[in-house]
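Remarks on the structure that follows.
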Amino acid sequence: MTDSQIQADRAYANAWRIFFDSRRYDHQGTLDLMEPHLRKIVASGRRDLSILSVGPGPGDVDADVARLLRRVAPEGGSVRYVALEPNAIHREHFTAMTRRPGLAGVQFDVRATRIEDFKTDERFDCVFYMHSIYHMPGQEERLTREALGMLNGGGILVITVDHDHGQMYALIKKYVALTGYQGYWTASEAGLITGESLKGIMERLGLHYETAEHDETIDVTLCFDDQSTTGKALLDFIYQTDFSAMSDDVKRQLLVYLNEEAVERDGRKLIHEPAITVLVPRP
């Protein structure tokens, strides 16, 4: 890996951590959606559970998923947790996460691999995309079909994305309209996969699915402090751009957009960013 790639990985990982810490995540609904299906798999006689987690980042959510698998696994059974994470810094943090309490006995396998390059004959009880499928724009339908083909009988595909009416989506669309940006977010139709477009994929494929919705917010208070490096990094992540490279006029307008979307609560500025989890049992 080149020095420039490591620097890019570190910059993204740092911005992601700021974003994660600023967002009030609520993934309990995802765990509650998964648990009865995992228990049904165990009840069918399977002793060893396995999961493929795609783009888990540093593994904050995956720690709870691994604990769930450990809890429902039968006594004497094993849990295998394969994680595909291309970002070198996130892999380091994920590996450190595996040493947290409650994870003893889980067999972690962390690989520096993109899902697009992943080849295996192994079958899993769950394939899991937690806010990661955005990074494969235009490939979502193919990845859904391939994920279902990686599942054991009774296995589940679980994908979490932001809801259509999230304010971050509204901000990105305003940014694209303002600047004519034709990069990452416009690589697929409408630029981003959303809860509704994800459900549309499942319906086109004729798949039964279940959903759980999560009411989440992002604290953007520091974005309005022009001396805050944390606020600047958060702006970069929200708009997926380099805020410092923009003209002063564009910077001001993007802050106006953010202020229009934000609400004041207890002295903080928040934007509403609900999420949705779609669970698809293997047909």
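The aromatic rings of His135 and Tyr12 sit perpendicular, their planes meeting at an angle over 60°, well past the 30° parallel limit.
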Margin query: Could you go through Leu234 and Thr230, starting from their C-alpha distance and side-chain angles, then the distance that decides it, and tell me whether this counts as side chain to side chain contact (heavy atoms under 4.5 Å, CB included)?
Written below: CA-CA 6 Å; Leu234 184 55; Thr230 297; 5.6 Å; no

Next item on the list: Might you work through the side chain to side chain contact (heavy atoms under 4.5 Å, CB included) test for Met246 and Thr179, ending with a clear yes or no?
Entry: CA-CA 10 Å; Met246 297 179 181; Thr179 64; 5.6 Å; no

Next item on the list: Decide yes or no on side chain to side chain contact (heavy atoms under 4.5 Å, CB included) for Leu258 and Leu171, but give the supporting numbers first.
Entry: CA-CA 7 Å; Leu258 184 60; Leu171 288 165; 3.6 Å; yes

Check: Going through the checks in order, is the side chain to side chain contact (heavy atoms under 4.5 Å, CB included) test met by Ile238 and Val220?
Finding: CA-CA 10 Å; Ile238 288 172; Val220 297; 3.8 Å; yes

Check: Checking side-chain hydrogen bond (donor to acceptor under 3.5 Å, both in side chains) for the pair Tyr169/Thr194: CA distance, chi angles, key distance, verdict?
Finding: CA-CA 9 Å; Tyr169 282 166; Thr194 66; 5.7 Å; no

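The salt bridge (Lys or Arg N to Asp or Glu O under 4.0 Å) test applied to Glu146 returns Arg142, not counting sequence neighbours. Under the rule for a side-chain contact (heavy atoms from CB on, under 4.5 Å), the partners of Asp109 that lie at least two apart in sequence or sit in another chain are Arg80, Val82, Arg111. Checked against salt bridge (Lys or Arg N to Asp or Glu O under 4.0 Å), Arg100 has the following partners two or more places apart in sequence or in another chain: Asp60. The ring pair (Phe, Tyr, Trp, His ring centres under 6.0 Å) check on Tyr25 picks up Phe20, His131, with sequence neighbours excluded. Every residue meeting the side-chain contact (heavy atoms from CB on, under 4.5 Å) condition with Ile6, not counting sequence neighbours, appears here in chain and number order: Met1, Arg10. Residues that satisfy the salt bridge (Lys or Arg N to Asp or Glu O under 4.0 Å) test with Asp62, not counting sequence neighbours, are absent from this structure. Considering only residues two or more places apart in sequence or on other chains, Asp164 meets the salt bridge (Lys or Arg N to Asp or Glu O under 4.0 Å) condition with none of them.
Residue pairs meeting the salt bridge (Lys or Arg N to Asp or Glu O under 4.0 Å) criterion with at least one partner in residues 266-283, sequence neighbours excluded, are Asp219-Arg268, Glu264-Lys269. Pairs passing the salt bridge (Lys or Arg N to Asp or Glu O under 4.0 Å) check and including a residue from residues 220-230, sequence neighbours excluded, do not occur. The ring-ring contact (aromatic ring centres under 6.0 Å, His included) pairs that include a residue from residues 51-89 are Tyr81-Phe108, where partners are two or more places apart or lie in different chains.
In this structure, Leu143 CG and Leu148 CG are separated by 11.0 Å, a value rounded to the nearest 0.5 Å.
Closest approach of Leu84 to Leu52, counting heavy atoms only: CG-CD1, 3.8 Å. Nearest heavy atom pair, residue Ala66 against residue Val106, reads O-CG2, 4.3 Å. When all heavy atoms of Pro56 and Ala83 are compared, the closest pair comes out as CG-CB, 3.9 Å.
Other residues, nucleotides and ligands contribute at most 12 non-hydrogen atoms within 6.0 Å of the CZ atom of Arg265.
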N/O donor-acceptor pairs under 3.5 Å from side chains in residues 34-41, not counting sequence neighbours:
unit_1, atom_1, unit_2, atom_2, d
Glu35, OE1, Arg71, NH2, 3.4
Glu35, OE2, Arg39, NE, 2.9
Glu35, OE2, Arg39, NH2, 2.9
His37, NE2, Glu210, OE1, 3.3
His37, NE2, Glu210, OE2, 3.0

For residues 85-92, please give each side-chain donor-acceptor pair under 3.5 Å, one per line with the distance, not counting sequence neighbours.
unit_1, atom_1, unit_2, atom_2, d
Glu85, OE1, Gly57, N, 2.7
Glu85, OE2, Asn87, N, 2.9
Asn87, OD1, Ile89, N, 2.9
Asn87, OD1, His90, N, 3.0
Asn87, ND2, Asp9, O, 3.1
Arg91, NH1, Glu85, O, 3.0
Arg91, NH1, Pro86, O, 2.8

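Val72 and Ile51 fall within the same hydrophobic cluster, defined by Ile, Leu, Val, Met, Phe, Trp and Tyr side-chain heavy atoms under 4.5 Å apart, directly or through other members.
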